Every structure is written in structure tokens, then in C-alpha cells.
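So the structure is just underneath, and the comments pick up after that.
Model, not experiment: these values are computed from the prediction.
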Amino acid sequence: MTLRMNPYLILDGNAKEAISFYEKALDAKVVMMQTFGEMPANPDFPLPEDAKDRVSHANLKVGETDLMFSDTFPGQPVHSGNQVQICITTVTAERSEQIYEVLKEGGQIRMPLQKTFWSPAYGIVTDQFGVTWNITTEVKA
């Protein structure tokens, strides 16, 4: 058995918007998406109206990686921080630049995309949802 780790992004009611954004930025494909309103009803815990359209779970396929999402329940805080970052590795500097350019829209550049001693194109950007991405290009052997 192999061990697999997947990034799981928790957002505050804008997971659908983020999913659409990452579909465009990363050429991701939605594998599944379910809202809290689509879950089976529980009479002991009635669902608040403003929670029904929030994403309870979604899975995007980005290359060979699963990127998962969920919204919080209304009123539950989401704390943004830099303790979790996602590294995207491409095989060409052109693809790295394409991804970097889209992710920086509405976000903040942490390190401009540039040539480094370990990569022909490496940069760091925090996107409009507070997620920090490291974009790197593999060095061809």
C-alpha cells in the first residue's frame, strides 16, 4: 500500500468560486462536488438556510494530484496563514509562467517567477483566496 497526501482547502463560503478559479488556473477537472444541502437531512440537526449552498466536499484532479475543498458552516471562522503551502511542479518554464500569471490575479506576489540555481522558473504567490503556491520547474537531466 502506498501513502498519499492531498491538500485540503477550507474556505468561508467561496469554495465554488475557488473551484472555478483553480479549474482555469491549473487546468483542473472537477471529480465531484456536493453541497451541504445535497447531503441527507438530519432531523436532529436542521441545516441553516445559509449553509445549503456551501460546499461540503469537492475533489478536483490537478494532473496526478487530488485537490480537495470544503466550506465552513456559516459563522465558523477560517484562519488564513502560511502554515500550509502547495508546490506545483511543471516540466517547462512556459507552463510555470502560465500558472503563475493566473494564480497572481487578485493575489499577492511573494517571490517573482525567476530563474534560480535549482529551477529555470520558480516563484511564490498567494492567491486571492489566501492560499500560497510555490511554482517550480523541473530541471531536465
Side-chain angles (χ1 to χ4, degrees), residues 1-116 118-141:
M1 172 193 263
T2 60
L3 177 68
R4 184 173 50 173
M5 299 170 111
N6 301 311
Y8 202 113
L9 307 180
I10 309 298
L11 299 168
D12 189 16
N14 58 348
K16 286 182 180 178
E17 180 184 347
I19 289 165
S20 293
F21 177 75
Y22 294 130
E23 281 183 286
K24 173 185 163 191
L26 305 174
D27 195 27
K29 306 294 179 229
V30 176
V31 175
M32 68 83 62
M33 181 169 52
Q34 181 180 35
T35 65
F36 286 109
E38 293 170 327
M39 295 171 50
N42 182 342
D44 295 329
F45 299 99
L47 191 62
E49 194 62 38
D50 57 348
K52 291 182 179 178
D53 199 39
R54 288 181 175 228
V55 174
S56 63
H57 180 71
N59 184 14
L60 270 68
K61 197 65 154 175
V62 184
E64 297 178 15
T65 302
D66 291 318
L67 179 59
M68 298 177 184
F69 292 84
S70 181
D71 278 316
T72 60
F73 248 55
Q76 290 181 333
V78 174
H79 302 285
S80 294
N82 63 1
Q83 70 275 22
V84 176
Q85 299 183 7
I86 302 171
C87 183
I88 299 171
T89 304
T90 70
V91 295
T92 67
E94 293 78 19
R95 182 66 176 132
S96 289
E97 183 176 356
Q98 180 185 45
I99 291 170
Y100 182 87
E101 289 299 318
V102 176
L103 288 174
K104 76 176 189 179
E105 292 175 14
Q108 183 177 10
I109 294 170
R110 301 289 178 188
M111 178 179 171
L113 192 68
Q114 59 192 279
K115 184 176 181 176
T116 64
W118 70 87
S119 173
Y122 177 81
I124 304 170
V125 62
T126 300
D127 70 23
Q128 61 184 318
F129 300 102
V131 178
T132 300
W133 301 85
N134 291 257
I135 298 101
T136 190
T137 310
E138 286 183 328
V139 176
K140 296 179 181 166

Of Lys115, Gln114, Met111, the residue whose pairing with Tyr122 passes side chain to side chain contact (heavy atoms under 4.5 Å, CB included): Met111

Atom pair NZ/CG of Lys24 and Leu103 - distance to nearest 0.5 Å: 10.0 Å

Steps toward side-chain contact (heavy atoms from CB on, under 4.5 Å) verdict (Leu67, Ile86): CA-CA 10 Å; Leu67 179 59; Ile86 302 171; 4.1 Å; yes

Shortest non-hydrogen contact from Gly13 toward Asp71: N-OD1, 2.8 Å

Gap separating the CG atom of Asp27 from the CD atom of Gln98, nearest 0.5 angstrom: 8.0 Å

Residues, nucleotides or ligands: over 12 heavy atoms within 6.0 Å of Gln128 CD: yes

Smallest separation among heavy atoms of Thr136 and Ser119, with atom names: OG1-OG, 3.3 Å

Full working for side-chain contact (heavy atoms from CB on, under 4.5 Å) between Arg110 and Gln85: CA-CA 12 Å; Arg110 301 289 178 188; Gln85 299 183 7; over 6 Å; no

Non-hydrogen side-chain atoms of Lys16 and Asp53 separated by less than 4.5 Å: yes

Thr72 versus Pro77, closest heavy-atom pair with distance: CG2-O, 4.3 Å

Closest contact, heavy atoms only, Val139 versus Pro120: CG2-CD, 4.0 Å

Ser56 side-chain N/O to Gln34 backbone N/O, donor-acceptor pair under 3.5 Å: yes

Atom pair CD1/CD1 of Ile135 and Ile88 - distance to nearest 0.5 Å: 5.5 Å

Minimum-distance pair of heavy atoms, taken over all atoms of Gln76 and Asp12: O-OD1, 4.2 Å

Between CG on residue Leu9 and CE on residue Met68, distance to nearest 0.5 Å: 11.0 Å

Heavy-atom check, side chain of Glu17 versus side chain of Ser20, under 4.5 Å: no

Residues Thr132 and Thr126: side-chain donor-acceptor under 3.5 angstrom: yes

Test side-chain hydrogen bond (donor to acceptor under 3.5 Å, both in side chains) applied to Asp127 - qualifying residues, sequence neighbours left out: Tyr22, Trp133

Chi angles and distances behind the side-chain contact (heavy atoms from CB on, under 4.5 Å) call for Leu60, Leu26: CA-CA 10 Å; Leu60 270 68; Leu26 305 174; over 6 Å; no

Qualifying ring-ring contact (aromatic ring centres under 6.0 Å, His included) pairs with a residue from residues 48-67, counting only residues at least two apart or across chains: Tyr8-His57

Heavy-atom side-chain contact between Tyr100 and Ile109 under 4.5 Å: yes

From OG1 (Thr137) to CG (Leu113), nearest 0.5 Å: 6.5 Å

Shortest non-hydrogen contact from Ala58 toward Ile19: CB-CD1, 3.5 Å

Leu11 vs Phe129 side-chain heavy atoms within contact, under 4.5 Å: yes

Return a table of donor-acceptor pairs under 3.5 angstrom between the side chains of residues 42-51 and protein atoms on other chains or two or more places apart.
| unit_1 | atom_1 | unit_2 | atom_2 | d |
| --- | --- | --- | --- | --- |
| Asn42 | OD1 | Asp44 | N | 2.9 |
| Glu49 | OE1 | Lys52 | NZ | 3.2 |

